[in-house]
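Before any comments, here is the structure.
What you see is a predicted model; the values in this text were computed from it and never measured. Values below: every heavy atom of this structure, side chains too, minus hydrogens, waters and symmetry copies.
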Amino acid sequence: MSDLTDDVTGGPDPVLRGIRDLYEAIDPVPSSLHTRVRFALDLDNVERELASVCADMGLAAVRGTDYARTITFECETLTIAITITATGADRHRLDGWVAPPASLPVEISSAGSRRQTSSDGGGRFVFEDVPAGEMQLAVLPASGGPVELVNPVVTQPIVL
Amino acid sequence: MERRSLPVAGSRERLEPAQLQERPDEAHHREVGQLLARAKTGDRRSLDAIVGRFMPLVWNIARAEGLDTEAASDVVQAAWVALLERLHDIHSPQALVSRLITVTCGEARRQRGDRRAVPAGPPDPVADLSADLADRERFRCLWRNFIRLSPRCQELLRIVAFVDPPDSQMVAERFGSSTGPNRGQCLAQLKALLAADPSWSMR
């Protein structure tokens with residue numbers, strides 16, 4: 001172990017310390033990753049002080065059938081719109097848009113489980129086969145895109 | 001291994017409990033042990049502190065596995081979720097690091113599937129750095145010599161560099177192989193290269 005430990009301080013070997021500094025400089029942990037992980041770990045809990053909760057603006061548009069409805073969530077940083085289509089007994093398809101358009105991780109929690117997808121460059125995302133009951137969407141920070149989210153954006157829960 | 005200096009006779013009564021005489025590696029284990037115990041009782045702050053502390057290691061394992069930044073981010077997130085699911089089974093700081101390695105490597109391999117590792121980065125990533133001049137020179141020199149090591153040694157040293165000393169032995173063994181060079185040999189090779197490089201002035 002002595003070859004990895006500095007004899008004087010008991011801290012890491014200075015060359016290893018240098019390698020660490022180097023990689024921290026050339027390949028840093030993306031700034032949004034900690035928030036994203038934090039959010040993933042917290043999601044089962046009520047504690048969500050980081051997230052900005054977006055309000056359901058009501059039925060922004062009702063389609064011509066009884067099976068589809070569109071809901072818009074207005075958030076400070078972005079708008080999330082979803083169209084819910086019944087696809088079977090207690091099953092729904094969710095077509096969503098994020099505006100301004102950006103490719104971001106989108107997570108759905110429903111019936112005690114979570115699934116993740118990403119919106120495409122046009123801001124579109126889809127969740128198939130979503131069970132009836134309460135569900136909640138979250139848009140998570142990602143680095144490098146046109147929309148720089150610092151914290152996750154979470155929608156109010158809605159009932160499908 | 002036992003190199004801790006004993007307190008000088010007579011000075012003992014002035015010293016506060018153990019912390020003051022602790023070597024940094026011992027302090028590290030004590031702190032992580034406390035965080036772990038509290039996180040297991042559901043304390044989010046302690047869990048958050050653990051995430052912050054080990055995030056660089058988890059990230060660098062995922063990246064050393066050859067994943068691009070997006071895939072590595074997914075792996076890191078999945079690894080932490082997997083860790084949390086089994087947190088109650090983890091009874092020591094060393095077991096925590098070991099478990100993190102297991103879940104990160106597992107998720108990385110799952111993510112990578114059959115795809116080959118991405119090619120190495122640009123030849124001189126240090127050139128783009130905004131670090132100040134002295135740091136940049138030091139980085140450039142270190143990088144120049146580092147990339148002369150075998151890929152195996154580079155990967156091993158990269159990961160070991162993100163582990164605090166008390167766990168480095170265990171981690172080096174996890175990533176080492178019975179046939180290839182071990183971390184001591186890799187580090188000795190690098191030090192020999194640096195010693196022969198006139199612009200190396202860190203020590």
When you check the side-chain N and O atoms of B/Arg183 and B/Ser168, is any donor under 3.5 Å from an acceptor? no
Structural part of B/Leu83 lying under 4.5 Å from a heavy atom of chain A: neither
Shorter than 4.5 Å, heavy atoms on both sides: which option in A/Pro105, A/Ser118, A/Pro28 has the most such pairs with chain B? A/Pro28
Within 45° cone and under 6.0 Å: A/Arg115 NZ/CZ vs A/Phe127 ring: no
Part of B/Asn60 within contact of chain A (heavy atom distance under 4.5 Å): side chain
Against chain A, label B/Phe162 side chain, backbone, both or neither, depending on which of its atoms sit under 4.5 Å from a heavy atom there. both
Can a donor-acceptor pair be found between the side chains of B/Glu173 and B/Gln169 at a distance below 3.5 Å? yes
Among side-chain atoms of B/His29 and B/Asp164, is any donor-acceptor pair under 3.5 angstrom? no
